[in-house]
There are 2 protein chains.
Amino acid sequence: MSITADLIRGHTDTIILSLLMHQDSYGYQINKTIAEKTHNQYELKEATLYTAFRRLEQAGWIRSYWGDEQTGARRRYYTITPEGRAAYVRLKQEWEQTKRMIDGLLVEEV
Amino acid sequence: MSITADLIRGHTDTIILSLLMHQDSYGYQINKTIAEKTHNQYELKEATLYTAFRRLEQAGWIRSYWGDEQTGARRRYYTITPEGRAAYVRLKQEWEQTKRMIDGLLVEEV
DNA sequence: TTATATACTTCGTGTGTCAAGGTATCTCTT
DNA sequence: AAGAGATACCTTGACACACGAAGTATATAA
């Protein structure tokens, strides 16, 4: 989409988990939601997105199931697990801490 | 040091440039300053640090010269170039933008 | 019928981080 | 005089995440 890319690295999982906190969703929709919420400033690359799903499922933080669409392409839905919710809380705290840390390191006066 | 690690990825260069905005410095000291400023929450691994220096010098954002220490280990000092200062301004803006973006994506209610 | 949107997947590559190892000098303690 | 610890730098190889590119398949709008 624009600038950002490497700066997000490491936050992908947190972002995905965050969206799943509300409700189950599937890859394509999750990405559209991200685009929407960031006013089209950001969108995950498909490969990144699906890699993250596999990683999160591997970690036991999400579970997946096929939707029962009668029409259109099949959708693989994801649910966040209790462990995933706990992980999200941790990751969010880490984000807050990291944010403060970086802010403390970057000088104001330019 | 603690938690953080992957979350910083991509901000290393910005942090180093930020410290060089004040004054010239050398690897070891830069790392100590980071540790100090973050209350020992964070410190770059040496390999990461020196890799970053090479990358930044390659990009023309910093220049290096040997200090004239009469005693103790030799020190390679780094100076930020005008291009480096311009880059820093950009990187800091990108950080602010990324920060807002991620904040907008992470739900409050847990 | 062609293009576009929806939807998922896999493979190979690149970049940044880091563990581990190395070199060398100085100071403080024993 | 020997040894430990701090200071200071450097290189190599491995790993993880992100991503470009390509492929599959269905539905709809032009």
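Since the model is a prediction, treat every value here as computed from it, not as a measurement.
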Fill in the blank from the handout: With the side chain defined as heavy atoms from C-beta on, A:E46 is closest, among D:dC10, C:dT9, D:dA8, to C:dT9
Handout entry: Given DNA chain C, 5'-ward residue of the pair A:K32 and A:T51, judged by closest heavy atom
Key = A:K32
Practice task
For C:dT9, take OP1 and OP2 only and decide whether either is under 4.0 Å from a side-chain N or O of A:R76.
Solution key: yes
Exercise for the section: Give the rounded distance in Å between these two atoms: NZ of B:K45 and C1' of D:dA14. Expected result: 16 Å
Exercise for the section: Please state whether the base of D:dC17 and the side chain of A:R9 form at least one donor-acceptor pair under 3.5 Å? Expected result: yes
Exercise for the section: On DNA chain D, check which nucleotide each of B:A47 and A:D13 is closest to and give me the residue with the more 5' one. Expected result: B:A47
Problem - Any donor-acceptor N/O pair, B:E43 side chain to B:Q41 backbone, under 3.5 Å - result: no
Problem - Sugar-phosphate only, base, or nothing, as touched by A:T71 at under 4.0 Å among non-hydrogen atoms - result: sugar-phosphate
Practice task
Check the distance between D:dT7's P and B:Q70's CD and give it to me in whole angstrom.
Solution key: 21 Å
Practice task
Ignoring backbone atoms, establish whether B:Y26 has a side-chain N or O less than 4.0 Å from OP1 or OP2 of D:dA8.
Solution key: yes
Practice task
Check the distance between D:dA6's P and B:E43's CD and give it to me in whole angstrom.
Solution key: 12 Å
Practice task
Starting from C1' on C:dT17, measure out to CG on B:N31 and report it in whole angstrom.
Solution key: 13 Å
Exercise for the section: Look at all strands and tell whether A:T12 reaches a base, only sugar-phosphate, or nothing, counting heavy atoms closer than 4.0 Å. Expected result: sugar-phosphate
Problem - Short side-chain N/O contact to C:dC8 OP1/OP2 from A:R54, under 4.0 Å - result: no
Exercise for the section: Go through D:dC10, C:dG16, C:dT6 for me and flag the one nearest to the A:A73 side chain. Expected result: C:dT6
Completion exercise
From the candidates C:dT9, D:dC9, C:dT17, the one with an atom nearest any side-chain atom of A:Y78 is C:dT9
Problem - Donor-acceptor contact present, side-chain A:E57 to main-chain A:S64, <3.5 Å - result: yes
Exercise for the section: Please examine the side chains of A:D103 and B:W95, heavy atoms only from C-beta on, and report whether any two atoms are closer than 4.5 Å. Expected result: yes
Practice task
Could you tell me the separation between the CG atom of A:L56 and the P atom of D:dA18, rounded to a whole number of Å?
Solution key: 10 Å
Handout entry: Rounded distance in Å - CZ (B:R75) to C1' (D:dA6)
Key = 12 Å
Practice task
For the pair B:F53 and B:Y78, name the ring-plane relationship: parallel under 30°, tilted 30 to 60°, perpendicular over 60°.
Solution key: parallel
Handout entry: Whole-Å distance separating the OH atom of B:Y50 from the C1' atom of C:dA20
Key = 16 Å
Exercise for the section: Please check the phosphate of D:dT7 (OP1 and OP2 only) for any side-chain N or O of B:Y28 closer than 4.0 Å. Expected result: yes
Practice task
Take the protein atom CG of B:D6 and the nucleotide atom P of C:dC18, then report the distance between them rounded to whole Å.
Solution key: 8 Å
Problem - Short side-chain to backbone donor-acceptor contact, B:N31 and B:L44, under 3.5 Å - result: yes
Practice task
Find out whether A:S18 and B:L105 are in side-chain contact, i.e. whether some heavy atom of one side chain is under 4.5 Å from a heavy atom of the other.
Solution key: no
Handout entry: C:dT6 phosphate, OP1 or OP2, under 4.0 Å from A:R74 side-chain N/O
Key = no
Exercise for the section: Check whether any side-chain nitrogen or oxygen of B:T48 sits under 4.0 Å from OP1 or OP2 of C:dC18, and answer yes or no. Expected result: yes
